[in-house]
Amino acid sequence: MSTRRRGAAERRVARGRALTRPTARTLPAPVESAGAYETVALVLQGGGALGAYQCGVYEALHEAGIRPAWFAGTSIGAINAAILAGNAPERRVERLHEFWDTICAPAGAVAWPLVALAGISDWLPPSTPLSAWLNALGAWGALAHGQQGFFTPRLPPPYAFSDGSAAATSFYDTAPLKATLERLVDFDRLNADGVRLSVGATNVATGNFRYFDSARERIRPEHVLASGALPPAFPAVVVDGEPYWDGGLVSNTPLEYVLESVPRRDTLVLQVDLWSARGPLPKTVLDVLERQKDIQYSSRTRQGTDQIAARQRLRNALGLLLERVPDGSLPAELGAELEPWLCDRVFNIVHLIYRAKSYEEQYKDYAFAAATMREHWASGHDDMRRSLARPEYFMLPQRGLGVVTHDIHRARG
């Protein structure tokens with residue numbers, strides 16, 4: 001059977017299913033709906049300390065029995081994705097906790113007494129002026145002292161060098177992160193057990209963006225480090241002779257890569273963003289810096305999703321149009337030209353976006369205080385649980401729709 005006629009047959013089956021789609025009271029649990037997809041993917045933005053939100057999202061997914069087979073991430077999203085892909089499912093949440101408990105401790109002996117006060121925030125209720133002030137101290141502590149198992153400041157600073165070395169081009173050394181990844185991620189398992197990992201990075205020499213993908217190459221710690229090498233804080237990471245910086249410089253959201261990869265498959269995508277494209281007008285210079293980050297790193301996810309949806313609807317419409325062409329009337333060369341564009345797969349995107357707290361400012365992506373981390377984690381867990389309480393979000397869409405999206409925050413207005 002040709003691809004075109006096979007697609008037509010599948011659409012007729014899907015139409016029949018649509019007629020018997022269960023009512024709201026009899027909807028299957030999300031884990032049952034997830035089983036109807038050929039692929040379940042978890043897509044993670046970059047955002048530094050905000051990445052703990054993604055861990056809460058995954059923990060709630062794990063509790064619901066949903067096990068993604070494809071993890072795609074940029075920067076801190078790449079690190080979280082590597083930890084998830086490089087561990088057995090029963091150990092993933094434990095490993096995430098171990099990683100974040102490690103990096104949310106200051107590196108070395110903290111000499112600045114005020115930074116040490118950040119630990120008091122563990123005993124304070126969230127979102128109070130004092131807890132906000134102490135979290136800010138924690139952020140400045142990260143700048144001054146680094147974070148355990150993550151990065152340490154360079155002494156002397158890079159201004160003392162001009163030889164193009166890592167010491168001359170970055171403020172922090174990420175050797176501790178490499179050791180942490182080697183301890184917490186089983187790269188042999190990651191590259192062998194069928195779970196897919198894709199991480200984005202930017203080539204320093206060419207400016208080109210690329211994904212390192214375990215589906216076509218062996219992933220090493222260097223690939224993950226490269227995805228999170230945000231300049232000028234962190235040095236470029238050399239991978240196979242080429243220097244790479246953080247993927248967020250070009251694209252902070254791997255969603256399009258997942259949806260455009262071939263062969264296309266019916267896919268449930270859990271898209272977890274750390275930056276909101278929408279926000280209030282700035283009132284101060286610090287507000288401007290925060291808003292600038294939000295806009296820059298949100299990567300216009302919804303606009304990209306709309307464009308992908310339009311392309312997928314066009315692919316579906318082209319397939320339906322060609323079904324009406326009588327057999328033998330379409331020139332073979334034209335059919336061969338159109339064949340790669342035919343696709344009736346469907347993509348369901350459950351979108352979760354971190355909503356910054358009222359007291360968070362432009363330092364929120366490097367506020368690594370333990371209490372702040374736990375607050376982010378709890379927010380992600382709560383947002384995912386509320387999404388899971390909407391089983392209709394997870395059902396396989398009807399053929400012809402192309403791409404559908406669901407967002408618990410947008411649903412609330």
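Heavy atoms only: backbone and side chains are in, while hydrogens, waters and symmetry mates are out.
Open room surrounds CD on Glu337; 12 or fewer heavy atoms of other groups in view lie less than 6.0 Å from it. In this structure, Leu281 places its CG atom where only 12 or fewer heavy-atom neighbours from other residues, nucleotides or ligands lie under 6.0 Å away. Atom CZ of Arg311 has more than 12 heavy atoms from other residues, nucleotides or ligands within 6.0 Å.
Across Leu197 and Ala85, no two heavy atoms sit closer than the pair CB-CB, 4.1 Å. Nearest heavy atoms, Arg67 versus Leu61: NH1-O, 4.2 Å. Contact record, Lys357 with Ser379: NZ-OG, 2.9 Å, taken as the closest heavy-atom pair. Taking all atoms of both residues into account, the shortest heavy-atom contact from Val31 to Gly65 is CG2-O, 3.3 Å. In terms of heavy-atom proximity, Lys364 sits nearest to Ala356 at NZ-CB, 3.7 Å. Between Thr253 and Gln271 the shortest heavy-atom distance is CG2-NE2, 3.0 Å.
Phe212 has its side chain out of reach of Asp240: every pair of non-hydrogen atoms, C-beta onward, lies at least 4.5 Å apart. Side-chain contact between Leu268 and Val350 is present, with heavy atoms from C-beta onward closer than 4.5 Å. The shortest side-chain heavy-atom distance between Ser170 and Pro232 does not fall under the 4.5 Å cut-off. Contact check for Thr102 versus His97: no side-chain heavy atoms found under the 4.5 Å cut-off. Contact annotation: the side chain of Thr180 approaches that of Phe99 to within less than 4.5 Å [non-hydrogen atoms, C-beta and beyond]. Inter-residue side-chain proximity for Ile79 and Leu181 is flagged as met; some heavy-atom pair is nearer than 4.5 Å. Using a 4.5 Å cut-off on side-chain heavy atoms (C-beta onward), His351 and Ile353 make contact. Side chains of Trp245 and Leu230 form no contact here, defined as non-hydrogen atoms less than 4.5 Å apart.
Taken from CG in Asp294 to OG in Ser276, the straight-line distance is 6.5 Å, to the nearest 0.5 Å. With values rounded to the nearest 0.5 angstrom, Met395 atom CE is found 5.5 Å from Leu27 atom CG. Taken from NE2 in His409 to CG in Leu352, the straight-line distance is 7.0 Å, to the nearest 0.5 Å. Atom CG of residue Leu44 and atom CG of residue Asn252 lie 11.0 Å apart, to the nearest 0.5 angstrom.
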Quiz item: Would Arg218 and Asp188 count as a salt bridge (charged side-chain N to carboxylate O under 4.0 Å, His left out) if you check the C-alpha gap in whole Å, the side-chain angles of each, and the deciding distance to 0.1 Å?
Solution: CA-CA 9 Å; Arg218 182 175 178 82; Asp188 289 334; 2.6 Å; yes
Practice problem: Take Leu96 and Cys55 through the side chain to side chain contact (heavy atoms under 4.5 Å, CB included) test and state the conclusion after the steps. | Solution: CA-CA 7 Å; Leu96 287 174; Cys55 300; 3.9 Å; yes
Exercise. Check step by step if side chain to side chain contact (heavy atoms under 4.5 Å, CB included) holds for Val43 and Trp70.
Key: CA-CA 8 Å; Val43 177; Trp70 187 356; over 6 Å; no
Practice problem: Would you sort out whether Arg291 and Asp287 count as a salt bridge (charged side-chain N to carboxylate O under 4.0 Å, His left out), showing the intermediate values? | Solution: CA-CA 6 Å; Arg291 192 75 197 104; Asp287 290 344; over 6 Å; no
Exercise. Quick one: do Asp173 and Lys178 satisfy salt bridge (charged side-chain N to carboxylate O under 4.0 Å, His left out)? Show the steps, please.
Key: CA-CA 10 Å; Asp173 181 4; Lys178 184 173 187 291; over 6 Å; no
Quiz item: How far apart are the C-alpha atoms of Ile66 and Val40, what are their side-chain angles, what is the distance that settles it, and do they pass the side chain to side chain contact (heavy atoms under 4.5 Å, CB included) test?
Solution: CA-CA 9 Å; Ile66 297 175; Val40 177; 4.2 Å; yes
Exercise. Dump the intermediate steps for salt bridge (charged side-chain N to carboxylate O under 4.0 Å, His left out) on Arg210 and Glu217, then the final yes or no.
Key: CA-CA 13 Å; Arg210 69 160 293 180; Glu217 60 197 307; 3.0 Å; yes
Quiz item: Can you check ring-ring contact (aromatic ring centres under 6.0 Å, His included) on Tyr211 and Phe209, steps first, answer last?
Solution: CA-CA 7 Å; Tyr211 282 97; Phe209 184 85; 4.9 Å; yes
Exercise. Evaluate side chain to side chain contact (heavy atoms under 4.5 Å, CB included) for Leu50 paired with Trp275, printing each intermediate quantity in order.
Key: CA-CA 9 Å; Leu50 301 176; Trp275 307 90; 4.2 Å; yes
Exercise. For the pair Phe150 and Phe368, evaluate ring-ring contact (aromatic ring centres under 6.0 Å, His included) and give the outcome as yes or no after the intermediate values.
Key: CA-CA 11 Å; Phe150 197 167; Phe368 283 96; 5.8 Å; yes
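Using modelled atom types, one side-chain atom of Ser298 and one backbone atom of Ile295 make a donor-acceptor pair closer than 3.5 Å. Side-chain N or O atoms of Asp382 include none that pairs as donor or acceptor with a backbone N or O of Ala378 at under 3.5 Å. With Thr74 contributing its side chain and Gly248 its backbone, the two residues share no donor-acceptor pair below 3.5 Å. Gln148 places no side-chain N or O within 3.5 Å of a backbone atom of Ile103 that could act as its donor or acceptor partner. For Lys293 (side chain) and Gln362 (main-chain N/O), a donor-acceptor pair under 3.5 Å exists by modelled atom type. Glu38 places a side-chain N or O within donor-acceptor distance of the main-chain N or O of Asp266, the cut-off being under 3.5 Å. Side chain of Asn191 to main chain of Ile219: a donor-acceptor pair is present (N/O by atom type, distance under 3.5 Å, no hydrogens or angles). At distances below 3.5 Å, not a single donor-acceptor pair connects side-chain atoms of His376 with backbone N or O atoms of Met373. Judged by distance alone, the side chain of Thr206 and the main-chain N or O of Asn208 form a donor-acceptor pair under 3.5 Å. Listed for the Glu290 side chain is no donor-acceptor partner under 3.5 Å among the backbone atoms of Tyr363.
Between the side chains of Asp383 and Tyr53, at least one donor N or O lies within less than 3.5 Å of an accepting N or O. A side-chain donor-acceptor contact under 3.5 Å links Glu63 and His381. Using modelled atom types, one finds a donor on one side chain and an acceptor on the other under 3.5 Å when comparing Tyr37 with Asn348. Judged by distance alone, the side chains of Tyr257 and Asp213 do bring a donor and an acceptor atom under 3.5 Å apart. For the 3.5 Å distance criterion, the side chains of Asp246 and Ser75 qualify, holding a donor opposite an acceptor. Side-chain contact of Arg345 with Thr267: a donor-acceptor pair under 3.5 Å is absent, judged by distance alone. Tyr58 and Arg92 share a side-chain donor-acceptor pair at under 3.5 Å. In the model, Trp377 has no side-chain atom that pairs as donor or acceptor with a side-chain atom of Gln54 under 3.5 Å.
Shown are Phe151, Tyr159, Phe234; of these, the side-chain contact (heavy atoms from CB on, under 4.5 Å) with Phe171 is made only by Tyr159.
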